[in-house]
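Below is one structure; the comments refer to it alone.
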Amino acid sequence: MSDALPGTPIEAAVELTRLAAQLAEYDRAYHEQDAPLVTDAEYDALRRRNAAIEAAFPDLVRTDSPSHRVGSAPASGFAKIRHVVPMLSLDNAFAPEDFTDFVERAQRFLGTTQPFAFVGEPKIDGLSISLTYIDGHLAFAATRGDGSEGEDVTANIRAIPAIPQTLRGPAPARIEIRGEVFMDKQAFLALNVAQEAANQKIFANPRNAAAGSLRQLDASVTASRPLRLFAYAMGESSEPVATTHHSYLERLRGWGFDVNDLSTQLPNTDAAIAFQSRVGTERAGLPYDIDGVVYKIDALDLQARLGFVGRAPRWAIAWKFPAERATTILEKIDIQVGRTGALTPVAWLTPVGVGGVLVARATLHNEDEIARLDVREGDVVEVQRAGDVIPQIVARIGDHRPDSTPFVPLDTCPVCGSPAHRPAGEVVRRCTGGLVCPAQAEEHLIHFASRGAFDIEGLGEKTVREFFADKLIATPADIFRLREDQIIGREGWGELSARNLITAIAQRRTIALERFIYALGIRRIGEANAKLLARHYGSVAHWRAQMELAVQIGSEAREALGNILRIGPAIATELADFFAVASNRTRVDELTGLLTIKDAEPEAISDSPLAGKTIVFTGGLATLARPEAKAIAERLGAKVTDSVSKKTDLVVLGTDAGSKAKKAAELGIATVDETGFRILAGLEVNSGA
DNA sequence: GTGCCTCGAGTTCC
DNA sequence: CTCGAGGCAC
């Protein structure tokens with residue numbers, strides 16, 4: 001299998017096609033018949049070959065590429081599946097004004113005042129699932145995961161009778177269908193009775209019961225649980241299947257899926273607002289839990305034009321019902337020290353059930369929040385779970401106890417005793433001890449090993465805390481000096497687990513530059529900014545050298561830093577401050593000595609003629625609203641600014657273009673009219689006129 | 001100068 | 001998930 005890679009794109013395409021079919025067949029045999037056709041080693045070799053060819057011919061990656069299914073199933077747990085279309089979250093509304101804001105934003109984006117038709121669908125409290133059907137047969141199923149990568153739960157999904165294995169009637173060659181797996185309230189109660197009788201775990205709520213039932217390694221357990229599914233969304237599809245969302249739901253019914261009967265087409269905003277209150281009154285009588293209603297703009301062409309902002313579509317919103325609240329006692333206010341030294345007050349509560357879970361702690365965020373709520377230890381407080389997840393204190397109930405005293409912010413760190421300062425204009429108080437503070441050092445290590453950073457399997461938060469407490473590791477570099485004999489014999493650690501951990505650490509000795517930068521835990525350098533820096537500097541050596549220079553105020557390196565898009569003065573200063581500290585430089589250099597840090601890959605360049613260009617729009621556009629035109633240009637890799645300068649590559653002249661058109665002419669910058677822009681953007685074909 | 005949007009950092013429970 | 005703060009467009 002170490003054959004040379006195909007020499008031509010045609011050979012490559014042929015081989016990729018063959019590999020996709022072959023691997024799909026092996027997958028089916030493995031998962032469906034539980035009868036592997038090849039050894040694991042042979043299978044892995046084929047996958048590696050597929051990946052190598054794809055790396056050499058990235059344009060040829062197939063939509064049904066086996067590489068979209070990453071990794072084979074590990075001994076325990078689930079393999080990962082990458083979503084071809086990310087599974088995103090939705091913006092929330094809590095009041096009619098939030099809903100009308102959402103509508104107005106969409107209208108502004110499209111440059112229209114036309115009302116929208118919507119589809120309203122009860123938002124089931126379950127788990128989102130992605131189901132991919134190839135040639136009408138269920139090929140694989142994945143959980144939402146982090147939105148871009150979920151867990152492969154194909155075997156478990158196959159065990160649910162309510163989910164079709166085969167689509168009824170004609171269907172696209174490849175289609176991904178999304179829906180919510182859930183358990184009826186009654187089935188949940190019955191399951192808990194059975195669980196109790198069998199001395200098994202009791203589930204806190206139907207959602208947890210559904211999640212627990214689906215995440216069974218033994219699919220026969222899943223089969224025994226009464227799980228249901230409502231289908232409601234489209235992922236990728238090899239051909240269009242509908243022009244409106246409501247007709248898409250009809251197609252789903254036709255293929256054999258359950259679609260929520262309450263889902264309704266709504267002609268306008270007023271109808272949506274009325275629907276919200278109607279569903280609200282029916283909520284308690286429904287056989288399943290819902291936490292709101294999702295509204296989607298019905299026309300799919302509008303959905304496509306609206307696209308996404310951040311992590312949420314512009315064409316849908318989740319209008320939530322008010323969260324359930326509970327009353328309990330605030331027993332104690334504790335102070336936690338975070339990775340950056342932030343002192344965060346956390347409330348310890350008399351445990352109370354809220355929305356199906358027992359809540360014992362809730363963050364108070366900062367001292368301003370405590371003052372705003374005017375809460376003290378001993379107060380009775382009202383608690384809710386924000387977005388039905390994170391507990392928060394909503395309000396104090398009644399008066400303070402007579403003997404209570406107001407919360408006094410600490411002026412020293414509770415862990416290391418260093419002074420704790422709250423800079424003017426900021427909300428957060430911070431320990432000034434830096435990495436000398438054991439709490440900060442420990443949180444730093446947790447961050448270093450965490451998912452977006454080095455992602456060391458087996459070195460999770462709990463293990464880091466244990467190792468840190470026992471002085472096995474004090475700095476990130478210590479992780480790479482760990483030896484098996486230091487771990488074997490510790491509680492819960494045998495020879496095998498120790499060896500696995502050392503292997504996992506060794507695997508991460510080679511690391512991408514962006515992960516390395518992120519792992520350092522420099523304030524304000526999160527995943528996104530680390531990526532920007534990595535892409536900009538390319539290699540550790542270059543980055544390191546430039547950072548050294550940036551420490552000098554007025555240096556070219558520092559100015560260059562500020563010129564990176566989205567890196568402003570605050571972030572530049574933070575980096576310079578970090579590298580001004582000798583111990584930080586030592587840490588970085590120690591790590592670079594121990595590791596192999598891979599150069600960053602340059603920005604993927606789209607083949608659009610607009611890619612990499614700086615564009616200015618001026619005047620009125622007839623066919624596109626300004627925000628939409630901007631979004632289209634940016635999607636094709638252009639940067640859109642609002643004033644014409646030497647750096648501008650192209651000016652799009654609308655009607656009544658004024659001073660900017662003149663300036664473009666003066667500077668000799670290329671201009672196009674709106675039609676010209678549409679052609680460049682690929683929105684229409686050049687008619688040759 | 002104001003207001004959107006993105007990002008970072010903090011957090012809970014299972 | 002939520003908040004505050006930074007960056008940048010308007």
Side-chain angles (χ1 to χ4, degrees), chain A residues 89-92 94 101 104-105 108-109 127 146-147 201-205 207-212 215 291 308-312 314 318 320 323 334-349 351-366 368-369 372 383-394 422-423 425-430 439-440 443-444 446-447 450 452-453 461 518 521-533 562-574 616-618 626-627 630-631 634 639-643:
Chain A
S89 48
L90 294 173
D91 275 337
N92 292 324
F94 295 95
D101 281 352
E104 281 162 20
R105 218 175 315 135
R108 215 178 315 134
F109 186 86
L127 305 87
D146 65 2
K201 188 181 145 200
I202 302 283
F203 293 102
N205 51 52
R207 208 202 86 84
N208 284 1
R215 288 184 41 93
D291 58 3
F308 298 84
V309 61
R311 283 178 286 265
R314 288 194 187 88
K320 299 284 190 70
D334 210 12
I335 302 291
Q336 283 185 358
V337 185
R339 167 166 70 86
T340 62
L343 303 191
T344 306
V346 175
W348 285 86
L349 309 165
V352 61
V354 195
V357 299
L358 209 55
V359 170
R361 289 152 55 92
T363 176
L364 285 163
H365 299 298
N366 54 61
D368 284 4
E369 175 80 354
R372 193 179 64 76
V383 181
Q384 74 173 19
R385 295 205 304 148
D388 277 335
V389 179
I390 312 283
Q392 62 181 201
I393 294 180
V394 185
R422 178 180 172 184
E426 287 187 26
V427 174
V428 177
R429 183 175 293 268
R430 294 196 141 82
Q440 289 190 52
E443 298 298 325
H444 234 84
I446 291 167
H447 170 78
S450 70
E461 176 173 339
Y518 172 65
I522 303 166
R523 186 137 93 96
R524 297 186 212 285
I525 309 298
E527 281 176 290
N529 287 339
K531 193 178 240 175
L532 286 177
L533 292 169
N563 283 336
I564 305 174
L565 196 61
R566 286 184 287 271
I567 301 285
I571 294 171
T573 306
E574 206 67 64
V616 175
F617 289 98
T618 180
R626 195 66 79 79
K630 182 170 178 240
E634 284 173 348
K639 179 182 171 188
V640 177
T641 61
D642 65 338
S643 63

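Below, chain A is the first sequence line, B the second, and so on; all start at residue 1.
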[X] side chain near [N] phosphate (N/O to OP1/OP2, under 4.0 Å):
X: A:R524; N: C:dG6; result: yes
X: A:T363; N: C:dT2; result: no
X: A:T344; N: B:dA9; result: no

Nucleotide nearest [X] (side chain, heavy atoms from C-beta), chosen from [options]:
X: A:A570; options: B:dC13, B:dA9, C:dG7; value: C:dG7
X: A:I571; options: C:dG7, B:dT12, B:dG8; value: C:dG7
X: A:V427; options: C:dG4, B:dC14, C:dT2; value: C:dG4
X: A:Q336; options: B:dT12, C:dG6, B:dC14; value: B:dT12
X: A:N529; options: B:dT11, B:dG8, B:dT12; value: B:dG8
X: A:A528; options: B:dG10, B:dC7, B:dC14; value: B:dC7
X: A:V346; options: B:dC7, B:dT12, B:dG10; value: B:dT12
X: A:P391; options: C:dG6, B:dT11, B:dC13; value: B:dC13

Using atom [atom1] of [X] as one end and atom [atom2] of [N] as the other, report the distance to the nearest whole Å.
X: A:L349; N: B:dT12; atom1: CG; atom2: C1'; answer: 11 Å
X: A:R207; N: B:dC13; atom1: CZ; atom2: P; answer: 15 Å
X: A:D91; N: B:dC4; atom1: CG; atom2: P; answer: 14 Å
X: A:L364; N: B:dT12; atom1: CG; atom2: C1'; answer: 13 Å
X: A:E426; N: C:dC3; atom1: CD; atom2: P; answer: 18 Å
X: A:N366; N: B:dG8; atom1: CG; atom2: P; answer: 20 Å
X: A:D368; N: C:dC3; atom1: CG; atom2: P; answer: 14 Å
X: A:R339; N: B:dG8; atom1: CZ; atom2: P; answer: 10 Å

- Query: Under a 4.5 Å cut-off applied to non-hydrogen side-chain atoms, are A:H365 and A:R372 in contact?
  - Reply: no
- Taking only residues two or more places apart in sequence or in another chain, which ones pass side chain to side chain contact (heavy atoms under 4.5 Å, CB included) with A:A209?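 Side chain to side chain contact (heavy atoms under 4.5 Å, CB included) list for A:A209, sorted by chain: A:M183, A:F188, A:L191, A:F203.
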- Partner residues of A:Q336 under the side chain to side chain contact (heavy atoms under 4.5 Å, CB included) criterion, sequence neighbours left out: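 Partners of A:Q336 under the side chain to side chain contact (heavy atoms under 4.5 Å, CB included) test: A:V346, A:R361.
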- Query: Which pair of heavy atoms, one from A:A439 and one from A:V337, lies closest together, and at what distance?
  - Reply: CB-CB, 3.6 Å
- Query: Starting at the 5' end of DNA chain B and moving along, which residue's nearest nucleotide shows up first, A:R361 or A:I525?
  - Reply: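 Result of the comparison: A:I525.
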- Message: Go nucleotide by nucleotide along DNA chain B from the 5' end; which of A:G521 and A:A360 gets its closest nucleotide reached first?
- Response: A:G521
- Without swapping roles, check the side chain of A:R524 against the backbone of A:E574 for a donor-acceptor pair under 3.5 Å. no
- Pair A:D291 + A:R207, salt bridge at N-O below 4.0 Å: no
- Query: What nucleic acid atoms does A:V428 come within less than 4.0 Å of, heavy atoms only: base, sugar-phosphate, or nothing?
  - Reply: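 The answer is nothing, as A:V428 stays clear of every strand by at least 4.0 Å.
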